[in-house]
Amino acid sequence: MSSSTARRPSFREVFAHREFRAIWVSYVLSMGGDRLALVALTLLVYARSKSPLLAAITFAAGFVPYLFGGMFLSGVADRLPRRTVMVVCDLIRCVLVVAMLAPGVPLAAMIALLYAVTLLQPPFDASRSAIVRDVMGKDSYPLAMAIMSSTTRVVVVAGSAAGGLILALFGARPALGADAATFVASALLIQFGVHDRPAPASSEGGPNPLGQLADGVRLVFGDPALRVLVGLGWLAAFYEVPEGIAGPYAGRLGGGAVAAGLLIAASQLGAAVTTPLFMKKIGPLTRLRWMGPMAVLTCGILAVTVLRPDLIVSMALFALSNSFAMYQIAANTAFVERIPNEKRGQAFGLANAGLIVGQGAAFAVAGAAAEVVPPSTVVALSGGIGAVIACGLAVRWRGMSPAVGRHTARHLGREASLTRQTPIHAARSN
């Protein structure tokens, strides 16, 4: 525990912020609608085409466009008012989803429209992540991000389940219609629930998108501490592999779709429960000190699956592994505090793009590997590789200052002593 005796903010106080409530509800609606539509459209494409390749291409819409949007569009969140960016992205995505509802739209056009929708997600996410820091003070921001992280995990599971259920009962059109409606609701909540703030950076005389991207790369990867923090964030590509191959993993255990769903739910539940408790009970310096070891545990626990455990033990292992993934909030908050406000959008975009694309690539590699070796072995290898990388990152992080403190704390809080400091990022994950 932190030695700080300062009073820490509570969840009640975080939700007492009117602007945060609007952002949070908007996030739940928008992300839930996105997940529902992605799953429903993927299943629809497979039902019409009977092509696993087309279905995979459709599902990849949740990953591939994010790379380009994250690199080239996230900087908009620094050049324009962030509330405006969020509202405009929501409205354009609503129009694109409505276009999918037009009678006779070819499958190829629907997939292209879905990719366009995802392309606009990074500037929205970058604006949302940055504006949460504008809305919440330094003390409350980590708790706010813990709420967002847990919400993401719950919505991913619920949205995926609802997408399959709605498609089975009503077809894909209601799912797409619901997605369009969530964008409208989200835009209204942001427009009327969040204060208008000027753009953090001047929109005149600044670099073009390529120049802004280059500036962001230099900022994020030119700072050793930021490189380590981004690396810790990208470890998710290794420890989330069990979710990517939950179907084959459950199949090897003699289970079906229900067993696969239980494996995914167990993974998400572990982090959803522990992350808020971690942020509430553990002090900021202790979080930073234990960030590296927890990253190692998050990945290393998965290596136990080399013993081919049964379904119940596998669920427990996945839940325990993701419980330690709460270190991501500490990495996120340290990351955001080191980035100037006028560059946060581009920095968030780069970090989130790497995370999303890394997860997509890891799922693809794991799926291919599971064709030739048991899925439990694939999970164990992924966890072991991730643990080795995490060890290197943990050593580098700890070597940056005694007690993970002096260098980092200089950026996290200049106005008070370390022992009295109060708390100093994640996206969707989409």
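Every heavy atom of this structure was used, including side-chain atoms; hydrogens, water molecules and symmetry mates were not.
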[X]: which residues meet the side-chain contact (heavy atoms from CB on, under 4.5 Å) condition with it, sequence neighbours left out?
{"X": "A109", "answer": "V105, P106"}
{"X": "V14", "answer": "F20, M136, S140, L143, A144, I147"}
{"X": "V25", "answer": "L29, L189"}
{"X": "P309", "answer": "Y249, T305, V313, S314, L317"}

Shortest non-hydrogen contact from [X] toward [Y]:
{"X": "V241", "Y": "A237", "value": "CG2-O, 3.4 Å"}
{"X": "M100", "Y": "L113", "value": "CE-C, 3.5 Å"}
{"X": "A126", "Y": "G345", "value": "CB-O, 3.4 Å"}
{"X": "T274", "Y": "S323", "value": "OG1-O, 3.1 Å"}
{"X": "A22", "Y": "I190", "value": "O-CD1, 4.4 Å"}
{"X": "I329", "Y": "P142", "value": "CG2-O, 3.6 Å"}

Can R93 be said to sit on top of F124's aromatic six-ring, NZ or CZ under 6.0 Å from centre and within 45° of the ring axis?
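Yes, cation above the ring, under 6.0 Å and within 45°.
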
Could R287 and Y327 be counted as a cation-pi pair, given that NZ or CZ must be under 6.0 Å from the ring centre and within 45° of the axis?
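That pair does not qualify as a cation-pi contact.
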
When rounded to the nearest 0.5 angstrom, what distance separates [atom1] in [X] from [atom2] in [Y]?
{"X": "L91", "Y": "M86", "atom1": "CG", "atom2": "CE", "answer": "12.0 Å"}
{"X": "M148", "Y": "W24", "atom1": "CE", "atom2": "CH2", "answer": "9.0 Å"}
{"X": "F348", "Y": "R133", "atom1": "CZ", "atom2": "CZ", "answer": "9.5 Å"}
{"X": "D134", "Y": "I23", "atom1": "CG", "atom2": "CD1", "answer": "8.5 Å"}
{"X": "S129", "Y": "M145", "atom1": "OG", "atom2": "CE", "answer": "5.0 Å"}
{"X": "F335", "Y": "D223", "atom1": "CZ", "atom2": "CG", "answer": "9.5 Å"}

Spell out, as yes or no, whether a donor-acceptor pair under 3.5 Å connects the side chain of [X] to the backbone of [Y].
{"X": "T118", "Y": "L114", "value": "yes"}
{"X": "R173", "Y": "L101", "value": "yes"}
{"X": "R83", "Y": "Q191", "value": "yes"}
{"X": "W397", "Y": "L232", "value": "no"}
{"X": "R82", "Y": "I131", "value": "no"}

Which pairs count as side-chain hydrogen bond (donor to acceptor under 3.5 Å, both in side chains) when at least one residue sits in residues 232-242, sequence neighbours excluded?
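Only Y239-Q328, E240-Q359 qualify under side-chain hydrogen bond (donor to acceptor under 3.5 Å, both in side chains).
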
Check: [Y] and [X] side chains under 4.5 Å, non-hydrogen atoms:
{"X": "Y141", "Y": "V132", "value": "yes"}
{"X": "L263", "Y": "E243", "value": "no"}
{"X": "L393", "Y": "L229", "value": "no"}

Indicate every side-chain donor-acceptor pair of residues 372-384 with a distance under 3.5 Å to a residue at least two apart or in another chain.
unit_1, atom_1, unit_2, atom_2, d
S382, OG, F238, O, 2.7

Tell me, please, which residues at least two apart from S186 pass side chain to side chain donor-acceptor pair (under 3.5 Å).
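S186: side chain to side chain donor-acceptor pair (under 3.5 Å) contacts with S26, D90.
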
Could you pull out all residues at least two apart from F221 that satisfy ring pair (Phe, Tyr, Trp, His ring centres under 6.0 Å)?
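Once residues adjacent in sequence are excluded, F221 has no partner under the ring pair (Phe, Tyr, Trp, His ring centres under 6.0 Å) criterion.
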
Is it the case that over 12 heavy atoms from other parts of the model lie below 6.0 angstrom from the CZ atom of R227?
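Yes.
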
Give the table of side-chain donor-acceptor pairs shorter than 3.5 Å for residues 178-185, with sequence neighbours excluded, one pair per line with atom names and distance.
unit_1, atom_1, unit_2, atom_2, d
D179, OD1, D34, N, 3.1
T182, OG1, D179, O, 2.6

The criterion is salt bridge (Lys or Arg N to Asp or Glu O under 4.0 Å); which residues satisfy it with E19, sequence neighbours excluded?
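Partners of E19 by the salt bridge (Lys or Arg N to Asp or Glu O under 4.0 Å) criterion, ordered by chain and then number, come out as R197.
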
The criterion is salt bridge (Lys or Arg N to Asp or Glu O under 4.0 Å); which residues satisfy it with R218, sequence neighbours excluded?
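Once residues adjacent in sequence are excluded, the partners of R218 under the salt bridge (Lys or Arg N to Asp or Glu O under 4.0 Å) criterion are D215.
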
Using 4.0 Å as the upper bound for N to carboxylate O, is an ion pair formed by D78 and R344?
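Judged by the 4.0 Å cut-off on N to carboxylate O distance, R344 and D78 do not form a salt bridge.
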
Table please: side-chain donor-acceptor pairs of residues 292-303 below 3.5 Å, with sequence neighbours left out.
unit_1, atom_1, unit_2, atom_2, d
T298, OG1, M294, O, 2.7
T298, OG1, F324, O, 3.2
T298, OG1, A325, N, 3.4

